[in-house]
Amino acid sequence: MTDPQHHSDTATSTSPEETASVRERPMRAFEGLGVAPGIAIGPIYPYSRTTHDVEHREISQTDVEDEIDRFKWALSKSERDLKKISAVTREKLGEDSASIFDAQIMMLHDEALREAVLRRIQEKRCNADYAVKQVMTEHRRRVQSSDSEYLRERSNDLLDVQERIITHLRRGKLLSKVDTESVIVAENLTAADIVLFSRRDILGVALDFGGATSHVSIMARALGVPAVTSLHGLADEVRHGDTIILDGIEGRVILNPDADTLDRYRTRRERYRRVVQEHKQLVPLAAETIDHHEVSLRGNLEFVEELPLLEEYGADGIGLFRTEMLFLMRGRFNYSEDDQYEVYRQIVESVRPATTTFRLLDLGGDKMLPVAHREHNPFLGWRGIRILLDREEVLLPQLRALLRAGVHGPTRILIPMITQLDELHRFREYLERAKRELTEEDIPFADDVPVGIMVEVPAVALMADRFAAEADFFSIGSNDLTQYTVATDRGNDLVSDRYEELNPGVLSLIQRTVEAGHAAGISVGVCGEMGGKPRNTPILVGLGVDEISASPTYLPEVKRVIRALQFSEAQALAEEALNSSSEASIKAMLDTWLDEHGCGLLHMISSEASDEAAASPDVDASTVDVQQR
Ligand code: PEP
Ligand code: MG
């Protein structure tokens with residue numbers, strides 16, 4: 001695991017590439033999705049993964065056997081490649097990440113695909129390259145038209161496998177000749193590409209497609225390569241060697257920056273590097289206000305490979321482990337109890353004596369498995385606990401595995417998407433059943449694992465006192481709570497400016513939840529994205545949340561804000577926010593506070609960048625593709 005800044009700090013002076021394009025091509029900015037933090041400045045390496053032009057050749061009956069042998073040979077070569085990539089990934093990132101390539105190896109062994117290719121060669125007497133392309137393209141089309149985002153993203157893996165086989169059929173070399181210390185610009189990449197590129201010290205990655213949950217984004221974060229995706233159209237605009245600025249914090253790239261912009265971003269890169277360094281000094285300090293009001297700062301994790309980040313950024317255990325990612329990486333529901341137990345045990349042992357909070361499988365919404373049912377409004381559909389209560393064959397093995405893991409260190413269970421009390425009652429029946437069965441089978445388990453609920457549906461916040469009497473802790477899922485409260489899809493570009501986490505209505509529900517939780521003597525945390533944004537920290541502290549759980553890299557900056565606050569001051573800011581008429585006025589108030597207290601450096605880096613790029617007379621507004629999330 002590398003520092004997120006590792007790759008972006010290497011360029012320190014103006015290189016010939018950086019200045020050449022300044023003279024020749026106009027500066028242009030593209031907005032996308034920042035999926036891995038950091039700032040990279042350097043020459044572009046345009047990477048094209050255009051598919052091989054494969055021509056149809058009719059072969060004679062006597063050549064059929066040769067063609068089949070060639071196909072089998074290409075399969076075995078492809079398998080050898082993938083095993084190598086899988087081994088590198090395993091070494092750098094661990095078992096789970098390597099499983100992506102194991103899945104690609106399994107595609108090579110897919111009997112149905114193999115048979116289809118062989119049949120085509122034999123019956124249609126066509127060349128193997130053509131047969132492979134035909135069969136795999138058909139298969140990919142089926143996958144791409146699936147309703148499942150997860151499956152659609154896996155179609156890249158199929159393309160990767162197809163290209164690999166065809167390349168070997170032509171005895172070509174697959175390893176791309178990427179320039180070292182360049183910013184890769186491509187329509188799309190596979191996870192395998194980025195693992196290979198990382199060996200050439202790339203500075204960053206800018207892609208036309210890809211969401212935050214696509215494998216390539218996951219790999220970029222894990223490898224510490226700054227990345228921006230969803231830049232629709234960028235790949236068509238770039239030339240080899242042109243200069244690019246990539247801001248993985250803001251989700252922006254600037255092509256052919258002028259000298260002033262380059263200077264500004266170099267300064268910003270330096271300041272960001274300083275902030276990252278300063279953060280390290282905050283790690284051993286307590287997360288408490290000037291007048292000693294403590295807030296527990298915990299990490300949101302999705303992969304085992306992220307565990308070292310907890311210590312690196314000073315997290316007090318895990319406030320949210322999204323277990324669905326473990327399932328999604330495997331691409332199937334049937335994850336055995338024993339296999340799950342092994343992973344959970346490893347996590348608990350690594351985090352103890354601090355606590356690990358495992359959220360039960362939260363599928364649905366934008367996180368579907370291949371078994372997905374078609375839904376018009378998936379965020380209002382079969383999600384989280386609703387699925388689990390309908391699928392005891394999924395719920396029970398996970399529950400049993402978590403109870404068993406609880407023997408090895410402090411463990412909490414968190415239930416997603418609870419809407420009504422009855423769901424909690426039914427869940428508790430399953431919990432008792434799991435415990436009863438484990439007892440009968442003489443399998444050790446922890447009997448006292450606290451069970452908390454995600455507060456992410458407004459109905460729960462409104463009835464928080466009733467839930468508080470029956471839950472062991474609350475964790476506010478502000479991502480969903482916001483979308484359901486302000487009726488704005490969290491993933492819809494068209495309304496992203498209306499998605500207001502600081503909307504007074506959302507804040508009022510948080511306040512209600514905290515008050516009810518405290519009246520019942522249970523702790524209340526926030527684990528949605530709003531917890532990781534330092535601008536929101538005074539409000540959350542002022543509303544009285546006991547715990548903030550966020551991606552570990554964000555915790556030091558949040559801690560910096562907490563340490564600059566008086567608790568009474570935070571309460572006054574929260575009160576003012578609750579009485580405000582718009583989110584814009586709340587943000588303005590908080591920005592003023594951050595500036596006055598000199599603790600919004602990271603935030604300043606980001607917002608200055610956005611203001612300057614937007615306001616810069618050198619950036620032609622008509623050429624700025626706005627593709628914000
Ligand atoms: C949330 O909704 O705030 C949350 C933490 O859960 P997720 O983002 O996984 O839906
Ligand atoms: Mg949620």
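In each ligand, atom 1 is the first atom listed, and ligand 1 is the first ligand listed.
Atoms of ligand 1 lying under 4.0 Å from any heavy atom of M454, numbered from 1 in the order shown and given with element: 4 (C), 5 (C), 6 (O). For ligand 1, the atoms lying closer than 4.0 Å to a non-hydrogen atom of G477 are 1 (C), 2 (O), 3 (O). Set against the non-hydrogen atoms of G528, the atoms of ligand 1 under 4.0 Å away are 3 (O), 5 (C). The L320 neighbourhood of ligand 1 comprises atoms 5 (C), with distances under 4.0 Å to a heavy atom of that residue.
Interatomic distance, CG of L507 versus CG of L540, reported as 8.0 Å (0.5 Å rounding). Rounding to the nearest 0.5 angstrom, the gap separating the OG atom in S582 from the NZ atom in K587 is 10.0 Å. Between atom OG1 of residue T411 and atom CZ of residue F445 there is a gap of 13.5 Å, rounded to the nearest 0.5 Å.
The shortest N or O to N or O distance between E456 and ligand 1 is under 3.5 Å.
Between H293 and F567, the ring-plane angle classifies as parallel under the 30° and 60° cut-offs.
D480 has its closest N, O or S atom to the Mg ion (ligand 2) at the position named OD2. Considering just the N/O/S atoms of E456, the one nearest the Mg ion (ligand 2) carries the name OE1.
A distance-only check finds a donor-acceptor pair linking the side chain of T513 to the backbone of L509 [under 3.5 Å].
Neither the backbone nor the side chain of M417 comes within 4.0 Å of ligand 1, counting heavy atoms alone. Here R322 has side-chain heavy atoms under 4.0 Å from ligand 1, and that is the only part of it that gets that close.
Looking at N479, D362, I476 and measuring to atom 1 (C) of ligand 1, the nearest heavy atom belongs to N479.
Salt bridge K533/E501: present, at least one basic N to carboxylate O contact under 4.0 Å.
The ring-ring contact (aromatic ring centres under 6.0 Å, His included) test applied to Y499 returns no partner, not counting sequence neighbours.
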